[in-house]
Each structure stands twice: as C-alpha cells, then as structure tokens.
Amino acid sequence: QVQLVESGGGLVQAGDSLRLSCAASGRTFSGCTMGWFRQAPGKAREFVAAIRWTGGMTYYSDSVKGRFTISRDNAKNTVYLQMDSLKPEDTAIYYCACTLYFFRYADQGSYNYWGQGTQVTVSS
C-alpha cells in the first residue's frame, strides 16, 4: 500500500507561483512513478506532470511545459510541483498519484494510489 497526502494549494493571482507537495509512505513507494493530475470544474481529470523515482526522468503536458517543474526528494519521500506563471486556467484540484508502470505515466488508469487532492485557484 502507498499513502499520499498533498499540500500547498491556495488562492493566488495570475502570474504568481505555488509549490505543491505530495508526501508518500508505504513499503512499495520506491517503485512508484509519481504523477500530478488536475481536475477543473466540469472537466475531466488530466495529466500534468510525472517523474520516475529512479533516474529522475520527467514528463509534462504541453499546457504546463516551461511553467511547472516536478521534482522529488527521496530522503523525504516527497514529490513537489513548482508552478510558476500561473494562469486562471490552471485553477483545479491537483492530485498526486503513484503508478508502477512508468511507461504509462500519462494514463491515469495505470495509477493505483491517489491522494485526496489540493485546491489551486488562480484569479485574473
């Protein structure tokens, strides 16, 4: 089992930055590729970014590439999502998740474990 807890969401203005954290625990965590997804009101949940736990390869959706940075701290079992140059369209609930299938990092169906989500609201 893997337990995931997100934090760091909030209300910011367009152009501001936020850093989300995802604290992980559980004995299978070391095998996870960690992903961030988001769900805006009335929309389907979508892939944002992912990072392999070994090797550190990162992947981003086109909508956030160049503005968001995913990273991890192995010692703290924590994954971060640094979000810069935020836009109102980034408003959503952000979820972190774990998949054991790194090659399916953008496929939310491959993720076995999910956090409860953290709200990010960007005002114009």
Side-chain angles (χ1 to χ4, degrees):
Q1 282 282 26
V2 177
Q3 293 80 42
L4 303 172
V5 179
E6 303 98 333
S7 61
L11 172 64
V12 297
Q13 294 186 330
D16 285 351
S17 298
L18 271 179
R19 189 177 79 159
L20 305 183
S21 299
C22 174
S25 61
R27 62 177 185 169
T28 61
F29 177 67
S30 62
C32 287
T33 287
M34 297 299 297
W36 284 97
F37 291 79
R38 67 186 182 185
Q39 187 167 21
K43 296 187 177 181
R45 189 162 54 188
E46 64 175 1
F47 169 74
V48 174
I51 185 167
R52 292 189 64 179
W53 204 254
T54 55
M57 288 290 292
T58 58
Y59 312 91
Y60 298 93
S61 69
D62 289 342
S63 62
V64 306
K65 197 173 297 182
R67 299 188 298 122
F68 290 11
T69 303
I70 189 171
S71 62
R72 88 270 193 219
D73 185 330
N74 291 358
K76 295 183 178 179
N77 283 352
T78 300
V79 177
Y80 303 99
L81 185 67
Q82 177 67 40
M83 305 186 295
D84 298 321
S85 302
L86 282 162
K87 304 175 181 179
E89 51 263 45
D90 294 318
T91 295
I93 299 174
Y94 283 72
Y95 300 89
C96 70
C98 156
T99 178
L100 302 179
Y101 305 99
F102 70 90
F103 49 92
R104 296 174 60 190
Y105 60 85
D107 176 6
Q108 58 183 297
S110 77
Y111 285 77
N112 304 94
Y113 306 102
W114 292 83
Q116 81 288 351
T118 186
Q119 176 71 49
V120 172
T121 304
V122 185
S123 64
S124 58

**Study point:** Under 3.5 Å: donor-acceptor pair, side chain of Thr118, backbone of Glu6
**Key:**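 Absent.
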
Hydrophobic cluster membership, [X] vs [Y], 4.5 Å side-chain cutoff:
X      : Y     : value
Tyr105 : Val64 : no
Val79  : Val2  : yes
Leu81  : Leu86 : yes
Tyr111 : Tyr60 : no
Phe37  : Ile70 : no

As an exercise, state the distance from [atom1] of [X] to [atom2] of [Y], rounded to the nearest 0.5 Å.
X     : Y      : atom1 : atom2 : value
Asp16 : Met83  : CG    : CE    : 11.0 Å
Thr58 : Arg52  : OG1   : CZ    : 11.5 Å
Ser85 : Arg67  : OG    : CZ    : 7.0 Å
Asn77 : Gln3   : CG    : CD    : 11.5 Å
Cys96 : Ile51  : SG    : CD1   : 13.0 Å
Arg45 : Trp114 : CZ    : CH2   : 3.5 Å

Locate the shortest heavy-atom distance separating [X] from [Y]; write the atom from each residue and the value.
X      : Y     : answer
Ser124 : Ala14 : CA-CB, 4.4 Å
Ser17  : Asp84 : OG-OD1, 2.7 Å
Ala50  : Thr33 : CB-CG2, 4.3 Å
Ala24  : Leu4  : CB-CD2, 3.6 Å

Check your understanding: Is Arg38 close to Ser63 at the side-chain level, that is, under 4.5 Å between some pair of heavy atoms?
Key ->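 Touching, per the 4.5 Å side-chain cut-off.
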
Exercise for review: Taking the side chain as every heavy atom from C-beta outward, state whether Trp36 and Cys22 have any atom pair closer than 4.5 Å.
Suggested key: yes

**Study point:** Pair Thr91-Gln119, side chain to side chain contact (heavy atoms under 4.5 Å, CB included): steps then yes or no
**Key:** CA-CA 8 Å; Thr91 295; Gln119 176 71 49; 4.1 Å; yes

Review point. Tell me the ring-ring contact (aromatic ring centres under 6.0 Å, His included) pairs involving residues 72-100, sequence neighbours left out?
Key: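 Pairs touching residues 72-100 that pass the test: none.
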
Check your understanding: How about Phe47 and Tyr59: are their ring centroids closer than 6.0 Å?
Key -> no

Exercise for review: Mind running side-chain hydrogen bond (donor to acceptor under 3.5 Å, both in side chains) on Thr78 and Ser21 for me, showing each step along the way?
Suggested key: CA-CA 7 Å; Thr78 300; Ser21 299; over 6 Å; no

Point to revise | Electrostatic pair Lys87-Asp90, nearest N-O below 4.0 angstrom | key: no

